[in-house]
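These notes concern the structure reproduced below.
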Amino acid sequence: MAERRKVVIVGSGPAGLTAAIYSARAQLQPLVIEGEPSSNSDQPGGQLMLTTEVENYPGFVDGVMGPELMGIMRNQALRFGAELRTAKVSRLDLSSPAPFPVWVGDPEAEEPTILADALIIATGARSLMLGCPNEERLLGYGVSTCATCDGFFYRDHHVAVAGGGDSALEEALFLTRFASKVTVIHRRNELRASKIMQERAFKNPKIEFLWDSVIVDIIGDTKVSAVKVQHTTSAETFELPVTGLFVAIGHEPNSALVKGQLELEENGYIRTMGKSARTSVDGVFACGDVQDDYYRQAITSAGSGCAAAIDAERWLEERGE
Amino acid sequence: MSEKIVTLSDATFDEHVKGSDIPVLVDFWAEWCGPCKMISPVLEEIAEEQAGKIQIGKLNIDDNLEVTRRFDVMSIPTLILFKNGEPEVRLIGAKPKGQLLQEIAAYL
């Protein structure tokens, strides 16, 4: 028999755990299906598990380490009785009104694992890869999506960072602690990153920029030895000898579970209604980066997780549950 | 930490890994690595459940650069399975327990 739960939260980044704190305090005994270990941001604790210092999360004057912040949120959710399960949701069926069948493990199993009266989707976003030749083969051998994990191995090396947003500059600045030189390769001639990050990057003598440039290939037999760069306007290509390439070109939402079941925006993010966390299916709520391609901050994620929990609570109340 | 897990260092690596009768799965990790923290409980479970079949060893890369360089570790977590002292399987990045077990199943 499938287990019946009032609130099931899929995902455990700032959005999922804030939804858990609020719905646990509302006595809804939420179950958080937190994901499984991985190194690509689709994991327990979410993207902050791959960061170091978080300087802009209110309440921490001196900053806080990303994994530590997630540990604190997790403990806070546990304190109020949320249940956390280290597992991955393999399938959801949103075709009939609540309760919604949720599968963990074998998606083909006849019986769902859980029946959820209200469902909160907080599956976040993951790093986009370049999609160029040899990228996958050299992942872990010079290609990385996590500077905080791998920067250490590039002491006195020349490395490249692909991207022009806040994450790219954060990676670049972090890498200057180890690398002798960091080349930021960006496809436009200006950055999308916040002013404070731009200022820090421009001031850093170890960071240089290659503008209007894209990486078209990664070169290396057993490890990265260079990247092939193409200038976007002249179409000229050249090889930049680097031993490491850190990819930070943006994110894509982890919305595959609900694709074809919930209304999505054109870019794959879940569509929510007005100021609320409601989705196109009654009883299903979405929060955090899976529905936000604009702000994408830990604090806005947490805020939307709170909204999702309150929306779910009121929705359950209206149904008389 | 489970008492079934052995802490390895540059000094003790060869003795433990080459001298082991059973395969040794070495976890190259560091304090500052989030994904390393994530797989830590998974390795604890495997150490308990597969005791006698596989030895789990942890090597802190910050303190043990010699072994880290010898095996060309460039990303953590990296797990390397050694059989008779020779590296057989290399797993890069944090992975779920099921997938981990599957990748090393042939050596259990």
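Every chain is numbered from 1, with letters handed out A, B, ... down the list of sequences. Values below: every heavy atom of this structure, side chains too, minus hydrogens, waters and symmetry copies.
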field: Gap between atom CD1 of B:I61 and atom CH2 of B:W29 - 0.5 Å precision
entry: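 Spacing of CH2 (B:W29) from CD1 (B:I61) equals 10.0 Å.
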
query: Just how far is it from atom CG of B:L81 to atom CD1 of B:I54, taken to the nearest 0.5 Å?
result: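 So the gap between those two atoms works out to 5.0 Å.
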
message: On a heavy-atom basis, which atom in A:M129 and which in A:V247 lie closest, and how many Å separate them?
response: CA-CG1, 4.3 Å

Please state whether the side chain, the backbone, both or neither of [X] comes within less than 4.5 Å of a heavy atom of chain B.
X: A:L48; answer: neither
X: A:K223; answer: side chain
X: A:P67; answer: side chain

- prompt: Side chain, backbone, both or neither: which part of B:D72 has a heavy atom under 4.5 Å from chain A?
  reply: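 When you check distances to chain A, only side chain atoms of B:D72 fall under 4.5 Å.
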
field: Ring-ring centroid check B:F71 B:F82, cutoff 6.0 Å
entry: yes

- request: Using the side-chain contact (heavy atoms from CB on, under 4.5 Å) rule, take A:F246 and A:V159 through it: C-alpha gap first, then chi angles, then the decisive distance, then the call.
  value: CA-CA 8 Å; A:F246 293 82; A:V159 300; 4.2 Å; yes

task: Look at A:K88, A:E36, A:E68 and state which one has the largest set of heavy-atom pairs under 4.5 Å with chain B.
output: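 Winner by heavy-atom pair count: A:E36.
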
message: Shorter than 4.5 Å, heavy atoms on both sides: which option in A:A87, A:G140, A:G142 has the most such pairs with chain B?
response: A:G140

- request: Give me the contact list for residues 143-154 of chain A versus chain B, heavy atoms only, anything under 4.5 Å, ordered by residue number.
  value: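 Residues in range: A:T148, A:C149, A:D150, A:F152, A:F153, A:Y154.
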
field: Short side-chain to backbone donor-acceptor contact, A:S38 and B:K95, under 3.5 Å
entry: no

